[in-house]
Trainee: 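Input: one structure, supplied below.
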2 protein chains.
Amino acid sequence: MDDVRNRILDNVKERLDRFGFKKTTMDEISKDCKISKKTIYEHFKDKEDMVTCLFVRECHKAMEIIFSHMGEIEDPLEKLIQLIRTSVWYFREDIFITRLLKNDEALYSAFLSRKYHALIDQEIISIIAAIIREGKEQGKFRDVDERVVAYAGFKLFQAFSYMRTGEFDEEKDRQEYYTNVLIDFVINAIVKK
Amino acid sequence: MDDVRNRILDNVKERLDRFGFKKTTMDEISKDCKISKKTIYEHFKDKEDMVTCLFVRECHKAMEIIFSHMGEIEDPLEKLIQLIRTSVWYFREDIFITRLLKNDEALYSAFLSRKYHALIDQEIISIIAAIIREGKEQGKFRDVDERVVAYAGFKLFQAFSYMRTGEFDEEKDRQEYYTNVLIDFVINAIVKK
DNA sequence: CCCTTGTAAACTATTATAGTGTTTTAGTTC
DNA sequence: GAACTAAAACACTATAATAGTTTACAAGGG
C-alpha cells in the first residue's frame, strides 16, 4: 500500500523537522502512526533509506507543484516570473523543503548529507536554464551563459526564501515586495533592452 | 561563579525548549556553552537537579517581573488589573515558562513532573488571594472565597496565555482585546456593584 | 613553587535504539 | 466456523549513546 508508506513518511517528516535525524527514533515513528516497527521495516530497508525516500518524495512534490503552476504559459519571461513566484511561495510554505535545500545537517545522518541535498537544486537549475535558452532563441533575452545565470538566479531566490526564518508574518507584504524586487532584478539582468 | 551557573542554565533552557528533557544530553549542553562536563557536575548534582534549578530560576524571574510591575499601586482593583496584564504579557513573551505552567511533560523527566510544576501556580494564586482579601477588607470587593476565586482567576488567564500557541502575530490587537475581556470578566465577578 | 580552577578526554555502567524474530490479534475468504 | 492473511504487539539482541566519574593536564595567581 502506497498509502501506508506515505503515512509513515508524513510522520517522519514531522519528527525530522522538529528533532532532526539523530533525535528521531524508529519507535517514535511507529507509535506516531500506529504502525508496528516490523511493518515499517517492510516498507523501508533501514532508517537512512526511510529518510532518503522522504527526501525524494518531497523533492518530487515540490517539482510537480512548481511545474503545474507554470504549465500553460508560453512566453519565457512570463514563465520565469511564474517560476520565481511559485518557488518562493512554496519554499516559504514548506519549511522542510527549505531546510532540505539549505542542506540543514540536522535533518540527515552524516552519510546522507552530501548525497541527496542537491536533488532539486540541479533540477530547478536545469529548468531555469532551459527557459533562459528559450528566451535567448526567441531573441528576447541577452546572450548570457544560461547555466551560470540559472545557477545564480536559483541561489538568489533560495536566499530570498530563507529570509523567512525567525520573522513574523506581519511581513507578508514585505515578502511580496522582496519577491518583486527579485523578479525585477533577474529580469533586468537577462532581458534585452 | 553564579555567572557560569546562569550561562549553563541559559543553554539548558534553550535545549529543553527545543528538544525536551530526554532528547537533551549533557554532552550537548557542555558543548553549547563551552564548559566541560566536569564543571557542570560541579554546579549541579545531576541532570534532574540541573533542570530543577532552571525551573526555580525561571519561576523566580517570572515572579520578580510580575511583582515589579505591581509595586507602587495601592488600589487592590488596579493591582489586580496590572497583575493580569503583566502575567498575560510575560507568559506570552516567555514560551518556556508557559510550557512549564502548562505542565508540558516533554520538559521534564517523569520524576520531576509532579514535583515542581505547581511552583509558581501556588505563589501567584497566593498573591491574587491576598489582593482579593485586601479588596474585601476595604469593602470594594464582594465577599467571595478568595482562595477559590484566586485559583479560578489564575486558571483563566493561564488559559488566555496559552491561546497564543499556533497563532500568528497579526493577532496582536486581538490579544489585547481578549485580555481586556478577561479583566472585565474578573472584575465584574468580584467588585461590589 | 603550589594551589586553584577548569578543560579535554578516556572510561564505565547503564540505558536506549536499530533491527529481527516470534506470538497475537483482527479481519477476510471459503 | 475453519483456514488464511496481514499487520500489530511483544520480546529479544547486538550495538551505540549517554549519564556520570576519573584521570591527566594546562593556565593562571599568590
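Chain A is the first sequence line, chain B the second, and so forth, proteins listed ahead of strands; every chain is numbered from 1.
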Trainee: Determine, for B:Arg18 against B:Glu28, whether the closest basic-nitrogen to carboxylate-oxygen distance falls under 4.0 angstrom.
Mentor: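 Salt bridge: no.
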Trainee: What is the distance from CG of A:Asp27 to P of C:dT15, rounded to the nearest Å?
Mentor: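 It is 17 Å, rounded to the nearest whole Å.
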Trainee: Provide, to the nearest angstrom, the distance between the NZ atom belonging to A:Lys23 and the C1' atom belonging to D:dA16.
Mentor: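 Atom NZ in A:Lys23 sits about 15 Å away from atom C1' in D:dA16.
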Trainee: CE of B:Met26 versus C1' of C:dT15: gap in Å, rounded?
Mentor: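 So the CE-C1' distance, B:Met26 to C:dT15, works out to 16 Å.
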Trainee: When all nucleic acid strands are considered with a 4.0 Å heavy-atom cut-off, which category describes B:Thr24: base, sugar-phosphate, or nothing?
Mentor: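 Sugar-phosphate, backbone atoms only, no base.
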Trainee: Between P on C:dT17 and NZ on A:Lys31, what's the gap in Å once rounded to a whole number?
Mentor: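 Taking atom P of C:dT17 as the reference, NZ of A:Lys31 is at 9 Å.
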Trainee: Just compare D:dT21, C:dT17, D:dT18 and give me whichever is closest to any side-chain atom of B:Tyr41.
Mentor: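 Side chain of B:Tyr41 sits closest to D:dT21.
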Trainee: Could you tell me how far apart B:Phe19 (CZ) and D:dT18 (C1') are, to the nearest whole angstrom?
Mentor: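 Distance check: B:Phe19 CZ to D:dT18 C1' gives 16 Å.
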Trainee: If I take atom OG from residue B:Ser87 and atom CD1 from residue B:Ile66, how far apart are they, to the nearest 0.5 angstrom?
Mentor: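 Taking OG in B:Ser87 and CD1 in B:Ile66, the distance rounds to 4.0 Å.
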Trainee: Taking B:Ile132 as the fixed residue, which of B:Val144, B:Ile127, B:Asp145, B:Val148 is the one that meets the side-chain contact (heavy atoms from CB on, under 4.5 Å) rule?
Mentor: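 The passing option is B:Val144.
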Trainee: Report the distance from atom CD of B:Glu28 to atom C1' of D:dT18, rounded to the nearest whole Å.
Mentor: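 Answer to the nearest Å: 10 Å.
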Trainee: Do the charged groups of B:Arg57 and B:Asp10 touch, with an N to O distance under 4.0 Å?
Mentor: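 A salt bridge is present here (some side-chain N lies under 4.0 Å from a carboxylate O).
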Trainee: I'd like to know if the side chain of A:Asp184 pairs up with that of A:Asn188 as donor and acceptor (distance under 3.5 Å, no hydrogens or angles considered).
Mentor: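 Indeed, the side chains of A:Asp184 and A:Asn188 share at least one donor-acceptor pair under 3.5 Å.
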Trainee: Check this for me: does any side-chain nitrogen of one of A:Lys61 and A:Glu58 sit under 4.0 Å from a carboxylate oxygen of the other?
Mentor: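 Yes, this pair counts.
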Trainee: Report yes if at least one side-chain N or O of B:Lys22 is closer than 4.0 Å to OP1 or OP2 of C:dT17; otherwise report no.
Mentor: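 Affirmative; the distance criterion is met.
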Trainee: B:Lys47 NZ to C:dT14 P: how many Å, rounded?
Mentor: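 Atom NZ in B:Lys47 sits about 18 Å away from atom P in C:dT14.
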Trainee: Atom pairs under 3.5 Å, N or O on each side, protein against nucleotides 7-12 of chain C: can you list them with distances?
Mentor:
from: C:dT7; atom 1: OP2; to: B:Ser36; atom 2: N; distance (Å): 3.3
from: C:dT7; atom 1: OP2; to: B:Thr39; atom 2: OG1; distance (Å): 2.3

Trainee: Rounded to the nearest angstrom, tell me the gap between atom CG in A:Asp49 and atom P in C:dA18.
Mentor: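 In whole Å, C:dA18 P and A:Asp49 CG are 15 Å from each other.
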Trainee: Using a 4.5 Å cut-off between side-chain heavy atoms of Ile, Leu, Val, Met, Phe, Trp and Tyr, which other residues end up in the same hydrophobic cluster as A:Phe19?
Mentor: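 Besides A:Phe19, the hydrophobic cluster comprises B:Phe19, listed by chain and residue number.
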